[in-house]
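Heads up, the thing below is written out as structure tokens.
Order of listing sets the numbers, starting from 1, for every ligand and every atom in it. Computation of the quantities below employed the complete heavy-atom set of this structure, encompassing side-chain atoms and omitting hydrogens, waters and symmetry-equivalent molecules.
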Amino acid sequence: MKKVFVSGAAGFIGFHLCMQLKKANHFVIGLDNFNPYYDVSLKNLRANILKQNNIEVIKADINDKKVLEKIIKDNSITHFVHLAAQAGVRFCFENPEVYVNSNLVGFVNVLEVLKNFKDIKLVFASSSSVYGLNDKIPFSVNDKTDLPSNLYGATKKANEAIAYSYHHIYKIPMIGLRYFTVYGPYGRPDMAYFKFTKNILEEKQIEIYNEGNMQRDFTYIDDIIAGTISAMDSAKDFKIFNLGNNSPINLLDFIDIIEKKLNKKAIKKFKPFQKGEMLATYADIEESKKELSFNPTTNIEDGMEKFIDWYHTFHSYTTNNK
Ligand SMILES: NC(=O)c1ccc[n+]([C@@H]2O[C@H](COP(=O)([O-])OP(=O)(O)OC[C@H]3O[C@@H](n4cnc5c(N)ncnc54)[C@H](O)[C@@H]3O)[C@@H](O)[C@H]2O)c1
């Protein structure tokens with residue numbers, strides 16, 4: 001049995017990971033600061049479901065060394081999955097400090113704690129954002145990632161370099177996972193697929209950048225969780241992997257899929273290309289297939305259907321609990 005500490009457990013990916021690990025009979029404990037970047041009631045809802053499944057989510061910040069150490073010692077943790085971070089690209093223009101505080105200072109804090117527990121295997125979340133202005137597709141883990149197009153991507157790139165230095169010196173076994181646009185039930189309200197669904201249903205405008213000339217490699221949450229759990233098993237040395245669907249879709253085709261599923265037309269507002277965005281994301285997953293047996297199986301139509309089904313129940317839950 002693994003004893004797993006998940007940071008960012010009340011978040012989208014953390015919640016699903018905790019549920020899946022518990023199903024496989026592992027011990028799981030989470031930590032989250034429940035920050036208000038998006039609707040905290042969704043974080044509370046996820047944490048309540050975890051609680052019903054006997055998974056505790058401690059409310060604390062990853063910058064609190066004492067809390068991290070206590071959780072590790074009290075529970076004889078064997079694996080640490082570090083997901084807590086400030087995500088999102090646009091928010092870094094308004095609030096850069098929080099990215100520095102959580103993704104850089106907090107990240108180093110986690111490593112500073114883990115250097116004293118060298119047997120703990122670490123898996124940490126990186127992002128497709130590290131590829132930034134890379135125009136060679138698909139993105140391979142062997143490509144250069146020196147041109148992040150925004151601060152978020154730069155912090156994730158920094159995470160990989162900082163993690164390597166701690167691995168080099170303290171021999172912490174670790175794997176960094178570059179996640180590609182993860183979507184699914186209990187997903188993040190700040191992400192385009194969530195906003196598009198919500199606004200189309202509410203007959204509000206949706207904003208489409210660069211005339212829709214963008215591609216995203218949407219990756220369904222269950223596939224991401226399978227890849228993450230597999231990485232936990234294989235963390236021995238230091239490795240970085242892409243976890244993406246390897247099947248990018250054009251934004252306008254994506255909107256088309258949502259319209260069909262909802263049986264409703266979007267009110268589209270076209271806007272210019274936004275600085276900091278990436279034109280396309282597309283994961284080369286050959287190494288992840290080979291070494292993590294990563295094999296994404298959910299196509300965008302099926303995945304969005306599952307998201308939309310969940311969205312309807314979530315919407316009636318929030319309406320009834322107002
Ligand atoms: N969802 C995606 O498409 C995607 C893509 C690439 C990378 N990632 C990365 O995966 C990880 C999880 O993403 P997610 O989509 O679940 O995001 P999320 O925002 O839903 O989850 C992150 C959680 O971390 C918590 N948190 C943030 N700062 C914290 C701090 N200082 N101390 C304690 N808790 C803190 C937040 O409250 C949140 O619940 C993040 O590191 C993110 O950057 C996500």
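At a 3.5 angstrom cut-off on N or O pairs, Arg188 counts as close to ligand 1. Here's the thing with Lys43: one of its N/O atoms is less than 3.5 angstrom from an N/O atom of ligand 1. Geometrically, ligand 1 and Phe180 share no nitrogen or oxygen pair separated by less than 3.5 Å. Residue contacts with ligand 1: Asn63 is placed with no nitrogen or oxygen under 3.5 Å of a nitrogen or oxygen of the ligand (distance criterion only).
Within the 4.0 Å heavy-atom criterion, both parts of Asn33, backbone and side chain, lie near ligand 1.
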Distance-only donor-acceptor hits, side chain of residues 99-110, under 3.5 Å, sequence neighbours excluded:
{"unit_1": "Tyr99", "atom_1": "OH", "unit_2": "Ala87", "atom_2": "O", "d": "3.2"}
{"unit_1": "Tyr99", "atom_1": "OH", "unit_2": "Gly88", "atom_2": "O", "d": "2.7"}
{"unit_1": "Tyr99", "atom_1": "OH", "unit_2": "Cys92", "atom_2": "N", "d": "3.2"}
{"unit_1": "Asn103", "atom_1": "OD1", "unit_2": "Gln86", "atom_2": "N", "d": "2.7"}
{"unit_1": "Asn103", "atom_1": "ND2", "unit_2": "Gln86", "atom_2": "O", "d": "3.1"}
{"unit_1": "Asn103", "atom_1": "ND2", "unit_2": "Thr155", "atom_2": "OG1", "d": "3.1"}
{"unit_1": "Asn109", "atom_1": "ND2", "unit_2": "Ile62", "atom_2": "O", "d": "2.6"}
{"unit_1": "Asn109", "atom_1": "ND2", "unit_2": "Asn63", "atom_2": "O", "d": "3.2"}

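Here Phe238 and Tyr164 bring their ring centres to under 6.0 angstrom of each other.
Nearest non-hydrogen protein atom to atom 12 (C) of ligand 1 is Leu83 O, 3.5 Å. For atom 32 (N) of ligand 1, the closest non-hydrogen atom of the protein is Ile62 N, 3.0 Å. Looking from atom 4 (C) of ligand 1 to the surrounding protein, the closest heavy atom is Val182 CG2, 4.0 Å. Looking only at protein heavy atoms, the nearest one to atom 7 (C) of ligand 1 is Ser126 O, 3.2 Å. Among all non-hydrogen protein atoms, the one lying nearest atom 22 (C) of ligand 1 is Ala85 O, 4.0 Å. The shortest contact between atom 6 (C) of ligand 1 and any protein heavy atom is with Tyr179 O, 3.3 Å. Nearest non-hydrogen protein atom to atom 16 (O) of ligand 1 is Ile13 N, 2.8 Å.
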Requested in this report: Step by step, work out the ring pair (Phe, Tyr, Trp, His ring centres under 6.0 Å) result for Tyr209 and Phe273.
Outcome: CA-CA 5 Å; Tyr209 296 97; Phe273 182 70; 8.6 Å; no
Requested in this report: Could you check Tyr183 against Phe307 for ring pair (Phe, Tyr, Trp, His ring centres under 6.0 Å), going step by step and ending with a plain yes or no?
Outcome: CA-CA 8 Å; Tyr183 74 103; Phe307 170 73; 7.8 Å; no
Query raised in the report: Given the rule in the salt bridge (charged side-chain N to carboxylate O under 4.0 Å, His left out) test, do Glu287 and Lys239 qualify, once you have shown the distances and angles that lead to the verdict?
Result: CA-CA 10 Å; Glu287 299 221 4; Lys239 278 273 261 190; 3.5 Å; yes
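Looking at Tyr38, Phe15, Phe218, Tyr152 and measuring to atom 19 (O) of ligand 1, the nearest heavy atom belongs to Tyr38.
Taking a cut-off of under 4.0 Å to the non-hydrogen atoms of Lys156, the atoms of ligand 1 that pass are 40 (C), 41 (O), 42 (C), 43 (O).
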